[in-house]
Amino acid sequence: QVQLVESGGGLVQAGGSLRLSCAASGRTFSSYTMGWFRQAPGKEREFVAAIWWSGYSTYYADSVKGRFTMSRDNVKNTVYLQMNSLKPEDTAVYYCAARGPYSGVDYSPTTYNYWGQGTQVTISS
């Protein structure tokens with residue numbers, strides 16, 4: 001019942017910023033915990049950030065903590081990932097995902113029910 005579409009990826013220089021958006025179609029969006037994951041070439045898909053369905057708590061991978069900020073707008077059915085101080089190591093395909101309804105945050109991609117198609121983020125040195 002939830003369809004996710006990411007946007008906002010692109011090519012930026014190291015130290016720059018990028019804002020990813022994920023638009024959700026489901027009417028039950030507000031009851032889903034949302035997550036961002038990324039997958040670099042030859043690597044496993046890894047957790048980046050997540051926000052609890054209640055909107056009260058946000059969680060980040062250590063590799064992005066202090067640089068990335070996740071938020072959600074339940075009125076617009078959209079989640080965002082503001083990425084600052086980008087590094088070449090951040091280069092990956094970024095996916096948004098939904099888990100729920102009424103599920104807590106989880107760091108494993110296998111626990112998420114719905115996925116977007118991904119958006120490419122490339123950071124040049």
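Positions are given from 1 along the sequence. Side chains included, hydrogens not; waters and symmetry mates left out as well; all remaining heavy atoms used.
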*asked:* Please determine whether side chain to side chain contact (heavy atoms under 4.5 Å, CB included) holds for the pair Trp36 and Leu20, giving the CA-CA distance in whole Å, both sets of side-chain angles, and the decisive distance to 0.1 Å.
replied: CA-CA 10 Å; Trp36 284 99; Leu20 305 183; 3.7 Å; yes

*Cationic tip of Arg72 above Tyr80 ring, under 6.0 Å, 45° of axis*: no

_Nearest heavy atoms of Tyr32 and Ala98, plus distance in Å_ = CD2-CB, 4.0 Å

*Are Thr119 and Ser7 side-chain neighbours, meaning at least one heavy-atom pair lies under 4.5 Å?*
no

*Residue pair Ala40 / Ala92: nearest heavy atoms and the distance that separates them*: N-CB, 3.8 Å

*Ser125 to Ala14 - nearest heavy-atom pair and separation*: CA-CB, 4.4 Å

*asked:* Between Lys87 and Asp90, does any NZ, NE, NH1 or NH2 come within less than 4.0 Å of an OD or OE carboxylate oxygen?
replied: no

*Verify, without hydrogens or angle tests, whether Gln117 (side chain) and Glu6 (backbone) share a donor-acceptor contact under 3.5 angstrom.*
yes

_Can you confirm if the NZ or CZ of Arg45 lies within 45° of the ring axis of Tyr95 and under 6.0 Å from the centre of its six-membered ring?_
yes

_Distance-only polar pair, side chains of Tyr94 and Arg38, donor-acceptor under 3.5 Å_ = yes

*Can you measure from CG (Asn77) to OG (Ser30) and round to the nearest 0.5 angstrom?*
8.0 Å

*Kindly give the heavy-atom pair with the smallest separation between Ser17 and Asn84, and that separation in Å.*
OG-OD1, 2.9 Å

*Between Trp52 and Tyr59, is the ring centre distance below 6.0 Å?*
no

_Looking at every heavy atom in both Thr78 and Ser21, which two are closest together, and how far apart are they?_
CG2-CB, 4.3 Å

*asked:* To the closest 0.5 Å, what do you measure between CG (Leu11) and OG (Ser124)?
replied: 5.0 Å

*Which distance, rounded to the nearest 0.5 Å, do you find between the OG of Ser108 and the CD of Glu46?*
12.5 Å

*asked:* Check whether Asp73 reaches the backbone of Lys76 with its side chain - one donor and one acceptor, N or O, closer than 3.5 Å.
replied: yes

*Using only heavy-atom distances, determine whether the side chains of Gln39 and Glu44 contain a donor-acceptor pair under 3.5 Å.*
no

_Validation row: Val121, Leu18 side chains within 4.5 angstrom (heavy atoms)_ = yes

*Heavy-atom side-chain proximity of Phe68 to Val48 below 4.5 angstrom*: yes

_Ignoring hydrogens and geometry beyond distance, is a side-chain donor-acceptor pair present between Thr122 and Gln120 at under 3.5 Å?_
yes

*Between Tyr112 and Val5, is there a shared hydrophobic cluster once you connect ILVMFWY residues whose side-chain heavy atoms come closer than 4.5 Å?*
no

_Minimum heavy-atom distance between Gly100 and Asn113, given as atom pair plus value_ = N-OD1, 2.9 Å

*Is the shortest heavy-atom distance from the side chain of Leu4 to the side chain of Met34 under 4.5 Å?*
yes

_Using modelled atom types and a 3.5 Å cut-off, is there a donor and acceptor pairing between side-chain atoms of Tyr114 and backbone atoms of Ala24?_
no

*Below 4.5 Å, heavy atoms only, C-beta onward: do Phe47 and Tyr60 meet side chain to side chain?*
no

*pair Val12-Leu86: side-chain heavy atoms closer than 4.5 Å*: yes

*Between the main-chain N or O of Gln3 and the side-chain N or O of Ser25, is there a donor-acceptor pair closer than 3.5 Å?*
yes

*Would you check if there is a donor-acceptor pair between the side chains of Thr111 and Asp106 at a distance under 3.5 Å?*
yes

